[in-house]
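For reference, the structure is listed below as structure tokens.
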Amino acid sequence: MINIDRDKIQLSNNMGAVRVKVKLTNAIDEELVKRGLLNPNLLRVCEAEALIDTGAVRTAIPVEVCEHLGLRIRSQEIAKYADGRQETVGLTGPIIIEIEGRETIEAAMVLGDIVLIGQTVLETLDLLVDCKNQRLVPNPENPERAVLRV
């Protein structure tokens with residue numbers, strides 16, 4: 001479930017919103033390239049500016065990004081917004097999400113018109129939000145690489 005309010009995203013554009021460059025890769029394509037079953041020129045990748053939303057749990061991508069990456073919708077899930085509304089949205093196949101030189105793989109919800117990065121990616125990549133300077137920073141306890149908590 002993702003918890004966002006589209007109206008508040010528009011307001012936050014002028015109030016210290018943290019935006020970062022993100023590279024999204026179709027994880028199935030990458031695996032096929034590694035196995036020699038897909039020409040590397042056919043690897044589907046998308047680079048975009050993403051909004052970091054510490055109130056959101058999951059990652060969300062617009063339908064256009066989903067289509068560009070050639071992702072399959074694996075299931076339908078319920079997205080719950082901050083104002084209590086709920087909506088059924090598609091959940092994609094695996095995407096490699098790369099931010100600040102760190103990467104993880106996860107499914108994304110298909111909704112909205114921006115790439116939205118939620119807590120699961122931040123936790124997995126061990127990145128913290130520096131709101132004052134409007135950026136992401138590595139966890140000072142693990143500056144060189146992400147450390148996964150069990």
Between [X] and [Y], is there shared hydrophobic-cluster membership here, with clusters defined by ILVMFWY side-chain heavy atoms closer than 4.5 Å?
{"X": "Val45", "Y": "Val22", "value": "no"}
{"X": "Ile95", "Y": "Val20", "value": "yes"}
{"X": "Ile97", "Y": "Ile105", "value": "no"}
{"X": "Leu37", "Y": "Leu42", "value": "yes"}

Check whether any side-chain heavy atom of Leu111 lies under 4.5 Å from a side-chain heavy atom of Pro62, and answer yes or no.
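Result no, sub-4.5 Å side-chain heavy-atom pair not found.
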Give a yes or no on this: more than 12 heavy atoms of other residues, nucleotides or ligands lie within 6.0 Å of atom CZ of Arg35.
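Atom CZ in Arg35 is not packed in, count stays at 12 or less.
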Checking Gln86 against Tyr81 for the side-chain hydrogen bond (donor to acceptor under 3.5 Å, both in side chains) test, could you report, in this order, the C-alpha distance in whole Å, the side-chain angles of both residues, the deciding distance, and whether it holds?
CA-CA 6 Å; Gln86 294 186 7; Tyr81 297 93; over 6 Å; no
Kindly indicate, with the supporting measurements, whether the criterion side-chain hydrogen bond (donor to acceptor under 3.5 Å, both in side chains) is fulfilled by Glu98 and Thr25.
CA-CA 8 Å; Glu98 184 180 333; Thr25 304; over 6 Å; no
Minimum heavy-atom distance [X]-[Y], with the two atoms named:
{"X": "Pro143", "Y": "Arg102", "result": "O-NH2, 3.2 Å"}
{"X": "Ile73", "Y": "Cys66", "result": "CD1-SG, 3.9 Å"}
{"X": "Leu51", "Y": "Ala17", "result": "CD1-CB, 3.8 Å"}
{"X": "Pro138", "Y": "Asn142", "result": "CB-O, 4.4 Å"}
{"X": "Thr59", "Y": "Gly118", "result": "OG1-N, 4.1 Å"}
{"X": "Leu43", "Y": "Glu30", "result": "CD1-N, 3.4 Å"}

Do any N or O atoms from the side chain of [X] and from the backbone of [Y] form a donor-acceptor pair under 3.5 angstrom?
{"X": "Arg58", "Y": "Glu106", "answer": "no"}
{"X": "Arg72", "Y": "Thr92", "answer": "no"}
{"X": "Asn139", "Y": "Glu141", "answer": "yes"}
{"X": "Arg74", "Y": "Gly93", "answer": "no"}
{"X": "Asn26", "Y": "Leu69", "answer": "yes"}
{"X": "Asp29", "Y": "Arg44", "answer": "yes"}
{"X": "Thr120", "Y": "Val57", "answer": "yes"}

Can you tell me how far [atom2] of [Y] sits from [atom1] of [X], rounded to the nearest 0.5 angstrom?
{"X": "Met109", "Y": "Leu91", "atom1": "CE", "atom2": "CG", "value": "6.5 Å"}
{"X": "Leu127", "Y": "Asp130", "atom1": "CG", "atom2": "CG", "value": "12.0 Å"}
{"X": "Ile99", "Y": "Ile117", "atom1": "CD1", "atom2": "CD1", "value": "4.0 Å"}
{"X": "Gln76", "Y": "Glu87", "atom1": "CD", "atom2": "CD", "value": "10.0 Å"}
{"X": "Glu64", "Y": "Cys46", "atom1": "CD", "atom2": "SG", "value": "10.5 Å"}
{"X": "Glu100", "Y": "Leu125", "atom1": "CD", "atom2": "CG", "value": "9.5 Å"}

Out of Leu24, Ile61, Val110, which one pairs with Leu71 under the side-chain contact (heavy atoms from CB on, under 4.5 Å) rule?
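Going through Leu24, Ile61, Val110 one by one, the side-chain contact (heavy atoms from CB on, under 4.5 Å) with Leu71 is satisfied by Ile61 alone.
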Basic-acidic side-chain contact under 4.0 Å: [X], [Y]:
{"X": "Lys23", "Y": "Glu47", "result": "no"}
{"X": "Arg149", "Y": "Glu123", "result": "yes"}
{"X": "Asp126", "Y": "Arg145", "result": "no"}

Partners passing side chain to side chain contact (heavy atoms under 4.5 Å, CB included) against Val129 (at least two apart in sequence or in another chain):
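Side chain to side chain contact (heavy atoms under 4.5 Å, CB included) check on Val129 returns Val18, Ile52, Thr54, Leu122, Cys131, Leu136.
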